[in-house]
Protein chains: 2
Amino acid sequence: MTEEAQDRPYSKALNQLRDAGLRPTRQRLALAKLLFDRGDRHVTAEILHEEAVASGAYVSLATVYNTLHQFTDVGLLREVVVDSGCAYFDTNITDHYHFFYEEDSRLEDVPSEMVTIHNLPQPPAGNDISRVDVVIRVRSSNGA
Amino acid sequence: MTEEAQDRPYSKALNQLRDAGLRPTRQRLALAKLLFDRGDRHVTAEILHEEAVASGAYVSLATVYNTLHQFTDVGLLREVVVDSGCAYFDTNITDHYHFFYEEDSRLEDVPSEMVTIHNLPQPPAGNDISRVDVVIRVRSSNGA
DNA sequence: ATTTGTGCAAATCGTTTGCATCTGA
DNA sequence: TCAGATGCAAACGATTTGCACAAAT
């Protein structure tokens, strides 16, 4: 990491992209900044696109989709499946689980240390576990 | 339950529908039979539609979708979310988890007794856990 | 007879793709 | 320069909806 990494506005995102082997284009930098500068986030393509447009970055929705998948492919993001019909991307790529607030379709991280899973069954011979997803679905107590 | 419940071809499905408060139409009976007569199943709308057509029941795909959701609403089915972009329905409505074979997009039940989850975190006050989904994603060991 | 469900086709939604243009290395 | 990225619009697949018709009570 170079010395100016800490003080240039886009340098953090820039280094992330360089390290991942992705060419740091204007659009990728803008999206990386929105994604990674504010701590852990859970975004959909649509949300991120709105934010990008609102921030003055002219990125098309198609590019947002492509970029989210590229970031996921290189390990900068993780896709979380909680809803058939809407893909969520999580900037927290460490091992962890999720609360899913069904009423407002919102995700929240649950550190993996907070849940203890024992006796996880082995998959049939010839298979490996690639990931264990735990989603704790939550609704407000007093009716919808 | 009436005496003839056990020996008429559609009586099992018929009672399930009656008990659920759904009018036992020809289409619902045919779908219920396909779903519930063969033990635990994980189906997509498309698969079930193909099966229905193959079995000579002329049910439209739209009706299959509607019916799957009606069955889910009355608790005869459970929706399993493993893939944004494709809804799976599980005839096993008891508490259990899933293996998901990523290569062939196939689901397999994991009895809840086979997994021990401790220290499940409480959701923020005012919220209740409606369900805990555990999906063990599996890939074959020797590369894709 | 009345209510409820069905079929179809068209509408919708999220997502992906093809291709001409643009841009970073 | 030139491989690789973007933008747009059109294609796409899964799902839903509107409405005229049909079937169950």
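In what follows, chains are A, B, ... by sequence order, proteins preceding strands, each numbered from 1. Because the structure is a prediction, the values reported are computed rather than measured.
B:Tyr88 belongs to a hydrophobic cluster with B:Val80, B:Val82, B:Phe100, B:Leu107, B:Val135, counting contacts under 4.5 Å between side-chain heavy atoms of Ile, Leu, Val, Met, Phe, Trp and Tyr, direct or through other members. Grouped with A:Ile47 in a hydrophobic cluster is no other residue, since no side-chain heavy-atom contact under 4.5 Å to another Ile, Leu, Val, Met, Phe, Trp or Tyr is found.
A donor-acceptor pair under 3.5 Å is absent between the side-chain atoms of B:Thr67 and the main chain of B:Arg28, judged by distance alone. No side-chain donor-acceptor contact under 3.5 Å links A:Thr63 to the backbone of A:Val59. Listed for the B:Asp109 side chain is no donor-acceptor partner under 3.5 Å among the backbone atoms of B:Pro111. Judged by distance alone, the side chain of B:Ser141 and the main-chain N or O of A:Gly126 form a donor-acceptor pair under 3.5 Å.
Under the rule for a salt bridge (Lys or Arg N to Asp or Glu O under 4.0 Å), the partners of B:Glu108 that lie at least two apart in sequence or sit in another chain are B:Arg106. Under the ring pair (Phe, Tyr, Trp, His ring centres under 6.0 Å) criterion, B:Phe99 pairs with no residue at all, not counting sequence neighbours. Residues passing the ring pair (Phe, Tyr, Trp, His ring centres under 6.0 Å) test with A:Tyr101, sequence neighbours excluded: none. With sequence neighbours left out, the ring pair (Phe, Tyr, Trp, His ring centres under 6.0 Å) criterion links B:His49 to no other residue.
The CG atom of A:Leu68 sits 11 Å away from the C1' atom of C:dT15 (whole-angstrom rounding). One interatomic measurement links the two molecules: CD of B:Gln27 to C1' of C:dC8, which rounds to 13 Å at whole-angstrom precision. One atom, CG of B:Leu61, and another, P of C:dA11, lie 18 Å apart when rounded to the nearest Å.
For C:dT16, the OP1/OP2 oxygens have no side-chain nitrogen or oxygen of A:Tyr65 closer than 4.0 Å. The shortest distance between the side-chain N/O atoms of B:Ser60 and the OP1/OP2 oxygens of C:dG7 is below 4.0 Å.
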- line: 5' to 3', nucleotides 18-25 of chain C under a 4.0 Å protein heavy-atom cut-off (B base, S sugar-phosphate only, - none) gives -----BSS
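For the segment residues 78-91 of chain B, no residue has any heavy atom less than 4.0 angstrom from an atom of DNA chain C. Taken residue by residue, residues 41-58 of chain A places heavy atoms nearer than 4.0 Å to DNA chain C at A:Glu46.
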task: Treat a base pair as Watson-Crick or G-U wobble with both distances under 3.5 Å, then lay out DNA chain C in dot-bracket form, 5' to 3', with | for cross-strand pairs.
output: |||||||||||||||||||||||||
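Within the structure, no pair that satisfies the salt bridge (Lys or Arg N to Asp or Glu O under 4.0 Å) test touches residues 81-95 of chain A, not counting sequence neighbours.
The residues B:Asp128 and A:Arg137 are annotated as not salt-bridged, no charged nitrogen and carboxylate oxygen being separated by less than 4.0 angstrom.
Taking each heavy atom of A:Arg41 and A:Leu34 in turn, the nearest pair found is NH1-O, 3.3 Å. Of all heavy-atom pairs between B:Pro123 and A:Val138, the closest is CB-CG2, 3.7 Å.
Neither side chain, B:Ser140 nor A:Asn127, offers a donor N or O lying under 3.5 Å from an acceptor on the other.
Running 5' to 3' along DNA chain D, contacts with non-hydrogen atoms of chain A at under 4.0 Å begin and end at D:dA3 to D:dA9.
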